[in-house]
Structures are given as C-alpha cells and as structure tokens.
> 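Encoded as structure tokens, here's the structure I'll be asking about.
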Amino acid sequence: MELFTVNRYTEDLKEQKDGVQGTNNEDEILQKLLKKAAKRKRKHENIEVVQTPILEKETSDVKEAEAKDEPVEQLEKSVAVAEEPDVPSTEFQVLGGDGSAAKKKKVEMQLPNWLAHPTIIEGGSLQPEEEVPASEAIDQLDYLEKYTCQALKQMKIKRLFPVQKQVIPWILEAQAKPPPFRPRDICVSAPTGSGKTLAFAIPIVQLLSQRVECKVRALIVLPVAELALQVYRVVSALCSKTELEVCLLSKQHKLEDEQEKLVEQYKGKYYSKADIVVTTPGRLVEHLHATKGFCLKSLTFLVIDEADRIMDAVFQNWLYHLDSHVKETTDQLLAGTQAPLCYAELQSSFGKQPHKLLFSATLSQDPEKLQNLRLFQPRLFTTVLTMPVLKDVTEGDADTEANTDPGQFVGRYTTPAELTEQYCVTELRLKPLTVYALVEKYQWKRFLCFTNSSDQASRLTFVLSLLFQNGTKVAELSGNLSAKIRKTTLRNFSAGKINGLVCSDALARGIDVADVDVVLSYEIPRHITTYIHRVGRTARAGRKGTAVTLLTDKDMTLFKKILSDADKRLGEEIHVSPDIEIQHAVQYKEALFRLRKRTETTKNEKAIEKNRVATKAMVHKKQEETATVRPLTLMEKLQIKANQILDSKTQIPKKRAKKAKQQPKETKKQIIAKQRKAIEN
Ligand SMILES: Nc1ncnc2c1ncn2[C@@H]1O[C@H](COP(=O)(O)OP(=O)(O)OP(=O)(O)O)[C@@H](O)[C@H]1O
C-alpha cells in the first residue's frame, strides 16, 4: 500500500487512461480547475458582501456610496453561492489569511482577580522621631495585648507603621472566625524597611499565647541564616512576656544542639519544646529527615518572608519535603502507626492547612510561581506610591494616571520615600579608586558596597583595605565566608568597629543594620529586584539614606533599562575629582600589584591542593588495584629480577623501541600475569 498519493497531471497518464476514462482529457481538467477558481472567487466575494455593512458604519461615506452602486450584482453572487451544494473543500485554509490575525489586539496579561485588585496599604509616616498623636499611640490600639505593648516599648516603638496597622488587625480578625471558616492566605508587598517583620510576628504571638500544650504551631521560613537570626530576635523579644518558646534553626549551629532545643523524649514519647520555629529552607529539610519527633501536624501559621526569593527554583524542594512530611504524619495517624491515635487529634489534623502569610518588598506577580504554594483564596496587600520621592520618579503623564488604578499597583516595586538615588560615572579600571574617593569626599562612616560575586567582593575588600590608610575599616561579607565569620563581621559592623562592608548579593535581602549612610553598587545589579533589595539596606524605618551606583559608559543603557522595569529613572549624578588617578597613583599601583601577587599565590595554592588531591586519589586507586592481585612468591620475585637484569643487558635498537612505544602500554596487572605465565612454562 502506498503511503503517499501524488495527484499530478502528466501527459503519459492522459495517454494511458484515454481509452478507459473518457472524462480525463486536458480540456476537462482545465474546465474543472476554472470552475474551482470561480467558486473560490465567489466565496471570497460573498464574505465581502456580508462584511460590507459592518465596515460601512465605521468607515467613510465614500465607501457607502460604492457599496450602493453594486447591490444587485453582489446579491446575485451571494445567491449563487447559496445555491451551490455544500461540498467539503479540499483546499487548505490559511489561518488568518483573511487579514483577521493582523487586526488582533496585542495580548494583555490577565492577572487573577486577587492580584489585579489588591488591598492598598495607604502610605503614612514612618518617621520614628515624630511626635506621635495620642490616638496612634500603641496603648490606644485595642487589638494589641498589654504584653505586646510592653515588648514594643522595650524596642523603642511608639506607634505602628502603615503595613502593620493594616495587616495585624486583619490577621487577628480572620483567625477569630470559628470553624468551618478558614482564613484567607495573604501576600504582603511593602517597601524595604517598612516593618514587615512585626506585621506577622505580633498577630502570631498574640494568637498562640493562649496555647496549653507546646507544639510547633508557627513556622517562619527565611532565605539565609543571617535573616533567620534577625527575625528570631524580633519574635523572641515579643515572646518575652509570654510562655511561648521560639527556636532558631540555621547552619550557624550544630544540628545536634538544635535537635536538643527542638524536641525532648519522655517515656518513649516525643514532645515539642518549641512553639515558633524560625528557619532557613535547607535546615528545615535536614530536621524533617533527621530529627525524630519533629512534628508539624499542628502547624497553624506558615510565614514565608522574602517570599519571591524562597519561591526561586533553588529553594523549591523544601516545600515538597514539608508537604510530604505533613502527609506522612497524617497517613501514620490514619493507619494507627503513630501513637496516640486519638479521634479528635486525627480529625483536627487531617487535611488541615496552615494559614499562609507571604511577605516581600518584591513579591512575585507570577501566578504560576505562587500556585506552588496552593494559597487559599489569597489576598494581596500592597503599598501606594504616594511618597514625595516616588512621585518624582513616576512623575508625568501616563504613569501618574496609571497609579490611580488599583489594578496597576501589582508588580510595581516601591522604594522608601527617604531614599535618594544617585550615580557616578567612572572607568572600569578606576572603579576601586572611585569607591575610595567617594567615601573620602562625602565622609561616609557607615557604608555597604555590593558586588555581583563573592570573588569580586573579596578582591575589592583587599584593594580598599590597602587604600584606606586613615583608619576607615572595610571587611568582606560574602558567601565565601563561613556563617560564623559572617555573623561576627555583621556584629562588628553594627557595633561600629567596621565602617564599610563589601557584600555579595546573597546578603542584599532583609539585613537590618541601623544607620547605614549609603549603599554603593560597585557593579550594576542583574535584575531590578536585586537593586531594590540592595538599596533597601539604607533609608529604613523612616530614616534618610543614599544609594549610589557606579556606572561605566557601557553600563548606562542597561542600567536605565533595569530601572525602567520599576518605573524609575536615573537619579542625580555625583562626581569624584578627575585627578584621582594622579593623586593616588602610587598607592593604587601598589594595591593593584599586591592584589595581582595575592591572586597568583591563591592560584598556585589552589593548583597545589588540586594536585595533592589528585595524587592521593591515584595512590588510593593503585592500592586498590594491587590489593586485588595475589602477592608474588619469593621465587616469582627472583625470576622477575633476573629478567630485568637480562633486559637491561640486551640493548633494544632505537627503531624497535619506537615501535614498541606506539603499541598500547601494558598494565601492571597484565605484566605480572605474563611473567607468571612465563615462569609456569
Ligand atoms: N512601628 C515601628 N516603629 C519604629 N521602628 C520600627 C517599627 N516597625 C519596625 N521598625 C524598625 O524598622 C526596621 C525595619 O523593619 P523590618 O526589618 O521589619 O523591615 P522589612 O519591611 O522586613 O524590610 P526588608 O524588606 O528589607 O526585609 C527595623 O529596625 C525595625 O526595628
């Protein structure tokens, strides 16, 4: 059977078939083709007849007149087409061939309703120094418990920030509803330093404070250990006047130490020692697998801070582990393998999902990413752009208009109103010197300098340390260092023992260090979210701050494009003296020379280490190989020695030696086997 049939008119075919089929001659085929063409033409014209009245209404009077000139002819044609039997067409229909595709409107992103219509967090003052009106004082807020007010006062907090005023009462109210009502999950997108931590910590502590038995009821997940520690401190401070226990899980401690703080065993049963667990995703997974008795079946709150970061592919698997852990415990309860099988407990835990609270300054508006969290009827809280600086940034025509539409708020990353953004144009080879000159010129006493990689951070720290000879101390804070060293460095910076930190972006998020004068971007960030988090390390909690980006001429276009993603424009340009290179020539040359030397030394050290590891591996392999071969007897050894002496005596001609070289080399095992065979013979 033929797979393909080709219908083609050929002269030979005509001659062959002439006798059998009279209809298959050239004229008839031509007639058929003409008929087909006419039919197609009529069909096309018929479509036009139908479309004309619609078009007429929209287009000019001239077209109207043309249409009236030939109504009879068109009617005839349409009737003719209508009379034609409805034969299925063998022609391919060209999709959009009628031009309809070209007329189609540009596809607009359709967000789910909850993302497109968020609850707006009205801007308010973040100025902590301002006089607080009596009505706004924390003791006047009826939803705050006495112990919360006491703890807040100890933290020197006199009133709540806008995001806290909106979110805290909402969570408390949502949780107050009796079953079967289930509180809606929430996503909160508010600028850096606007106080998101307290917005989730206060309601959680208040709602859990009445608990009887200690069980893990709240899990707060953060992307890095430093952030986890920071949030742990805030939550612990809030819990100081309650009986709640908070536990921190991060790579800064030994796993066994954390296990001891997390669970205890009594008469063969495990008991939780923590009510609130603050953790990083990696450490959480470790405990889910390694800590016996670590149970999350009573989980009431799941907080994901820096949610967009945690939802990144790198961190994805923690959710899977968390889900399967909860499912496993439920299955065990159902099967009765986990004691005690109590009906009430089973009923309360089965199918129960924690209240999910997501927070970030750059919350993803990608519904697919958020879908992984299976949010329950989610609700979005986001900030309004009413700050003076931001007005300036989004100033003008279309943007201002867009801001009045709530649907447009989503995905707009807002920076604090107190932030001043600047840039400094420089050359690539002069960048470290520019950082030095800027710090000297503006007398910045506390600054952060962000690079795009840990290695770059390390190199820049080295050069800057050599340049600053007036007592300004700089240190590295990057992923290259252990968690312990990073912790000490950060503490020294907070205490003012270090003036400047050169950081990689791993630490751009969430770190809350008070009174950072300026954030420098040594290299332009790769994405707008990175920029928002970098600059967010200053101008926090209503204080003023500056962000300066170093730009080469090449960077300029790309940086402008990155800023445009957040409806931002370049800020003010600042300059350093054009003579910096001449002024600091000797110092800079020396610093670069020493950096080169250091790079070489590290490179050599790395090569030596690599060699050492390779040699060790080879020795190990050889040992394994020889271990499998039977040791030679004394006779065999003597025979081999005798052969070697004989070999050395008989000179192999050069040509033969070359030929032998070309042949594949025998392994030691093969040589021994050969010699043994020779002895046996
Ligand atoms: N109501 C308040 N009054 C005064 N200071 C506050 C208040 N709430 C929070 N703060 C302070 O503001 C600073 C920033 O708070 P927080 O770290 O919660 O911000 P954030 O919104 O989580 O920032 P990021 O997005 O960078 O993580 C902290 O030092 C905190 O102590």
Side-chain angles (χ1 to χ4, degrees), residues 121 123-133 136-141 143-144 148-149 151-169 187-204 220-224 226-238 278 303-310 357-364 381-383 413-419 446 448 450 490 494 503 505 507-516 519 529-545 547:
I121 302 166
S125 176
L126 291 188
Q127 303 293 332
E129 293 86 21
E130 260 181 28
E131 200 56 45
V132 181
E136 284 193 23
I138 44 172
D139 340 78
Q140 297 301 313
L141 304 172
Y143 51 83
L144 292 186
T148 309
C149 293
L152 289 177
K153 275 180 189 164
Q154 274 177 6
M155 292 182 205
K156 298 197 172 66
I157 288 174
K158 294 180 200 157
R159 66 152 167 226
L160 295 186
F161 282 166
V163 65
Q164 297 160 353
K165 269 196 260 175
Q166 188 101 29
V167 174
I168 298 170
C187 296
V188 180
S189 178
T192 49
S194 61
K196 292 187 286 294
T197 314
L198 282 177
F200 62 78
I202 293 176
I204 289 178
I220 305 171
V221 190
L222 297 116
V224 288
E226 284 78 4
L227 262 182
L229 176 64
Q230 201 173 285
V231 171
Y232 167 76
R233 284 187 184 142
V234 174
V235 181
S236 300
L238 280 177
V278 185
V303 181
I304 306 178
D305 202 0
E306 306 298 345
D308 55 321
R309 177 79 186 107
I310 291 202
L357 316 170
L358 274 65
F359 288 80
S360 178
T362 51
L363 200 65
S364 167
F381 289 88
T382 188
T383 333
Y413 305 132
T414 57
T415 40
E418 296 75 15
L419 179 75
R446 291 171 65 70
L448 298 177
F450 282 99
L490 210 52
S494 301
C503 322
D505 281 318
L507 296 144
R509 275 175 185 263
I511 300 297
D512 182 50
V513 191
D515 303 326
V516 171
V519 169
T529 50
T530 316
Y531 178 74
I532 299 283
H533 287 286
R534 274 185 186 182
V535 300
R537 295 318 98 212
T538 185
R540 296 176 72 75
R543 292 183 196 94
K544 282 194 164 41

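Ligands are counted one by one from 1 in listed order, and the atoms in each one are counted from 1 as well. Counting begins at 1 with the first residue of the sequence. Bear in mind the structure is a predicted one, so any value in this text is a computation, not a measurement. Only heavy atoms go into these numbers, but all of them, side chains included; no hydrogens, no water, no symmetry mates.
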> So, 4.0 Å and heavy atoms of R159: is ligand 1 close enough to count as a contact?
yes

> Check K196 against ligand 1 and report side chain, backbone, both or neither, counting heavy atoms closer than 4.0 Å.
both

> Distance-only, no hydrogens or angles: does the R233 side chain make a donor-acceptor pair with backbone N or O of L229 under 3.5 Å?
no

> Does some non-hydrogen atom of R537 fall short of 4.0 Å from ligand 1?
yes

> For the atom pair CD1 (I168) and CG (L160), what is the distance rounded to the nearest 0.5 Å?
5.0 Å

> Taking 4.0 angstrom as the limit and counting only heavy atoms of D512, give me the atoms of ligand 1 inside it, by number and element.
13 (C), 14 (C), 28 (C), 29 (O)

> Any non-hydrogen atom of G542 lying under 4.0 Å from ligand 1?
no

> Just how far is it from atom CZ of R537 to atom CD1 of I511, taken to the nearest 0.5 Å?
7.5 Å

> With rounding to the nearest 0.5 angstrom, report the SG to CD1 distance, C149 to I157.
11.5 Å

> Hey, could you give me the CG/CG distance between L227 and D512, rounded to the nearest 0.5 Å?
9.5 Å

> At the 4.0 Å heavy-atom cut-off, does G536 count as touching ligand 1?
no

> Which of the numbered atoms in ligand 1 are below 4.0 angstrom from a heavy atom of A541?
11 (C), 12 (O), 13 (C)

> Compute the minimum heavy-atom distance from E306 to ligand 1 and say whether it is under 4.0 Å.
yes

> Minimum heavy-atom separation for R543 and E418, please, with both atom names.
O-CB, 3.2 Å

